[in-house]
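Data block below; observations after.
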Amino acid sequence: MVSADEYIKIVILPFMGHGHLIPFLALAKEIHHQTGFNVAIANTPLNIQYLRSTLRHDPNPGIRLFELRFTSSDHGLPPNTENTENLTLDLISKLFSSSVYLRTPFHNALLEIVKQQGRPPVCVISDVFFGWAVDVANSVGTVNITFSTGGGYGTMAYVSLWLNLPHRKTDSDEFNVPGFPEICKFHVSQLHRFLRNADGNDLWSRFMQPQISGSLRSFGWLCNTVEEIEPFGLDLLRKYIKSPVWPIGPLLPKPWVTKSLSSNCDSLYRQLAGKEPEISPEKCLQWLDMHGHDSVLYISIGSQNTISPSHIMELAIGLENSGKPFIWVIRPPLGFDLKAEFRSEWLPQGFEDRMNKSNKGLLVKNWASQLEILSHKSTGAFLSHCGWNSTLESLSQGVKIIGWLMVAEQAYNSKMLVEEMGVAVELTRGIQSSISSEHVKKVTEMVMDKEGKGGDMKKKAEEIAEHIKAAVKDELDDKGSSIKALDDFVSSIKTRKQDLYVVSARNEL
Ligand SMILES: *[C@@H]1O[C@H](CO)[C@@H](O)[C@H](O)[C@H]1NC(C)=O
Ligand SMILES: *[C@@H]1O[C@H](CO)[C@@H](O)[C@H](O)[C@H]1NC(C)=O
Ligand SMILES: *[C@@H]1O[C@H](CO)[C@@H](O)[C@H](O)[C@H]1NC(C)=O
Ligand SMILES: *[C@@H]1O[C@H](CO)[C@@H](O)[C@H](O)[C@H]1NC(C)=O
């Protein structure tokens with residue numbers, strides 16, 4: 001048997017994608033930091049390998065790794081594919097479907113821990129996509145918790161849309177979503193085509209519905225957000241799932257409040273993405289130093305997305321015509337290998353050269369150190385796909401947003417940023433949409449304006465940033481809401497755990 005300080009108190013189970021692994025790892029570190037608990041992360045062998053190599057750069061004795069047996073080729077996937085990264089949409093659905101086969105290996109891993117320690121861990125924290133883990137946790141006598149890597153509003157929309165498919169019950173493009181007030185209408189263009197086409201019998205519904213329903217039966221949810229920035233979304237979510245929701249975010253690289261040049265999350269991200277930045281972070285910052293306060297537009301639509309050749313052209317022309325300085329993280333367009341060399345023919349003739357000579361634009365191929373750019377005083381706005389990670393990074397630095405939504409819950413994040421927070425405008429939705437350079441120019445000028453609507457958005461973004469900073473304050477007599485939520489979460493699971501002991505002791509009599 002292991003000694004008490006070796007006990008694994010919490011076991012976490014992230015979904016097999018970077019957008020999940022990274023925040024779950026950050027959650028594990030945060031829990032260990034705040035409580036001293038040992039935390040085990042369970043996942044498939046290749047994902048564990050990534051996590052292990054990251055932890056090698058940043059050793060943390062409080063974090064253990066557990067491999068769950070998984071053979072991708074048994075599930076119609078190419079050999080050694082265990083992560084959503086570089087899978088086509090078609091194969092991603094196979095990865096989702098095959099993930100339920102982790103149930104038995106996960107159950108065995110928990111039983112092994114119970115055997116070694118002579119008692120179960122205090123709780124299991126599983127991904128929303130692993131509804132089955134809630135039952136498994138319960139069966140070994142540990143508390144079942146769900147973690148949503150998204151925000152309150154986005155999670156609420158995602159959960160209710162998948163469970164209810166409200167757009168299928170109307171002929172109109174606009175519709176109500178159960179759990180949202182009547183005035184808060186959604187539009188079909190906000191739905192990814194998988195969801196738009198879902199009818200309850202398709203592959204995606206057959207995966208999503210049982211997994212989300214299973215997660216709704218957990219004891220409570222952790223959410224990667226901040227109470228004060230999303231009171232509305234969190235209120236809706238709490239009412240809908242009828243369980244506690246602890247907003248413990250933002251799980252961003254620490255110390256994110258200060259401007260550190262190398263962050264662990266960045267190095268993990270670089271590794272996961274297998275990319276080294278072509279332009280060094282230092283060079284980006286030097287370039288920003290040459291520009292005025294809040295004058296630069298930062299453009300990146302996420303590491304897993306790209307846009308069509310004509311989008312790239314229109315965006316480039318619109319930016320050039322607006323005359324606003326920009327840093328653009330640029331990738332090969334749709335239809336080309338994302339990891340291939342970027343070709344200058346994808347841009348207007350002479351564009352790179354003109355931008356270089358006039359110092360108006362910096363093109364960064366593939367990858368940039370996003371949080372450092374966002375935290376620079378010259379960065380005024382962020383053209384983003386509104387993935388939750390990028391959204392939190394932007395808000396934490398008080399940077400207003402231009403949305404170009406792609407997949408998942410991004411359109412709901414953007415809806416909240418526009419309607420509830422007033423810190424964003426949408427440029428367009430999806431990759432099928434067409435945009436014109438005039439539209440790009442108009443929106444860029446409006447948002448970068450220091451007066452009017454642009455100025456208003458800036459003020460609101462700065463208020464949100466203040467809330468986020470306050471939420472993670474961790475002083476003895478002055479704890480922010482996210483720190484308090486984590487404390488409350490820990491005492492709730494301990495209490496719940498004792499109740500479980502009492503029940504099982506009674507059952508043994
Ligand atoms: C992506 O694909 C390449 C080759 O096709 C492979 O070597 C790499 O491991 C894959 N990455 C992930 C994260 O699956
Ligand atoms: C999850 O835990 C709660 C509270 O401990 C319990 O009531 C519930 O039955 C568990 N869910 C499942 C599916 O076992
Ligand atoms: C968020 O995304 C950015 C850019 O895609 C990346 O640099 C960063 O490491 C990510 N952080 C987390 C916590 O996922
Ligand atoms: C501009 O081009 C020169 C020469 O190719 C290069 O050394 C320099 O780094 C470029 N500047 C920017 C801002 O891209």
Side-chain angles (χ1 to χ4, degrees), residues 7-15 20 24 27-28 31 35 37 39-42 68 96-97 99-115 117 119-149 152 155-156 158-160 162-164 179 205-224 234 237-248 485-509:
Y7 281 153
I8 289 169
K9 291 263 180 77
I10 296 192
V11 179
I12 70 172
L13 182 63
F15 189 73
H20 297 249
F24 268 84
L27 176 68
I31 291 175
T35 63
F37 286 0
V39 182
I41 308 179
L68 305 178
F96 272 85
S97 308
S99 67
V100 300
Y101 290 96
L102 291 175
R103 183 179 179 130
T104 305
F106 184 62
H107 193 185
N108 291 340
L110 285 181
L111 291 175
E112 184 59 31
I113 292 173
V114 175
K115 196 169 117 201
Q117 313 192 151
R119 61 166 78 172
V122 179
C123 90
V124 165
I125 304 175
S126 51
D127 206 288
V128 182
F129 294 148
F130 292 148
W132 48 263
V134 173
D135 292 306
V136 173
N138 207 49
S139 76
V140 302
T142 179
V143 183
N144 51 42
I145 298 291
T146 298
F147 176 46
S148 169
T149 51
T155 300
M156 171 62 201
Y158 197 80
V159 163
S160 181
W162 272 111
L163 289 182
N164 300 298
S205 311
R206 283 194 321 230
F207 175 81
M208 287 295 183
Q209 294 187 339
Q211 300 315 326
I212 294 174
S213 305
S215 295
L216 289 184
R217 290 160 55 227
S218 61
F219 177 60
W221 286 39
L222 292 165
C223 213
N224 185 13
L234 283 166
L237 184 64
R238 287 186 176 115
K239 285 184 178 140
Y240 193 78
I241 70 176
K242 301 189 191 74
S243 313
V245 175
W246 294 280
I248 45 87
L486 192 64
D487 286 349
D488 185 54
F489 160 69
V490 171
S491 61
S492 302
I493 56 172
K494 280 185 179 159
T495 312
R496 179 67 209 156
K497 187 68 205 311
Q498 275 152 10
D499 294 349
L500 289 180
Y501 271 145
V502 174
V503 173
S504 66
R506 247 191 242 126
N507 289 347
E508 277 161 24
L509 287 177

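Order of listing sets the numbers, starting from 1, for every ligand and every atom in it.
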Would you mind listing which atoms of ligand 2 come within a distance below 4.0 Å of any non-hydrogen atom of Phe219?
-> 4 (C)

Aromatic plane relationship, Phe24 with Phe147 - under 30° parallel, 30 to 60° tilted, over 60° perpendicular | perpendicular

Shortest protein contact, [atom] (heavy atom only):
atom	value
atom 8 (C) of ligand 2	Arg217 O, 3.9 Å
atom 4 (C) of ligand 2	Arg496 NE, 3.4 Å
atom 2 (O) of ligand 2	Asn144 ND2, 2.6 Å

Is the backbone N or O of Ile31 less than 3.5 Å from a side-chain atom of Thr35, with the two atoms forming a donor-acceptor pair by type?
-> yes

Take Leu68 and Leu13, measure what side-chain contact (heavy atoms from CB on, under 4.5 Å) needs, and give me the verdict at the end.
-> CA-CA 10 Å; Leu68 305 178; Leu13 182 63; 3.8 Å; yes

Ser99 and Phe96: which non-hydrogen atoms are nearest, and at how many Å?
-> OG-O, 2.6 Å

Going by heavy atoms, is Asp135 under 4.0 Å from ligand 2?
-> yes

Looking only at N/O atoms, are Asn138 and ligand 2 under 3.5 Å apart anywhere?
-> yes

Would you sort out whether Phe129 and His20 count as a side-chain contact (heavy atoms from CB on, under 4.5 Å), showing the intermediate values?
-> CA-CA 10 Å; Phe129 294 148; His20 297 249; 3.6 Å; yes

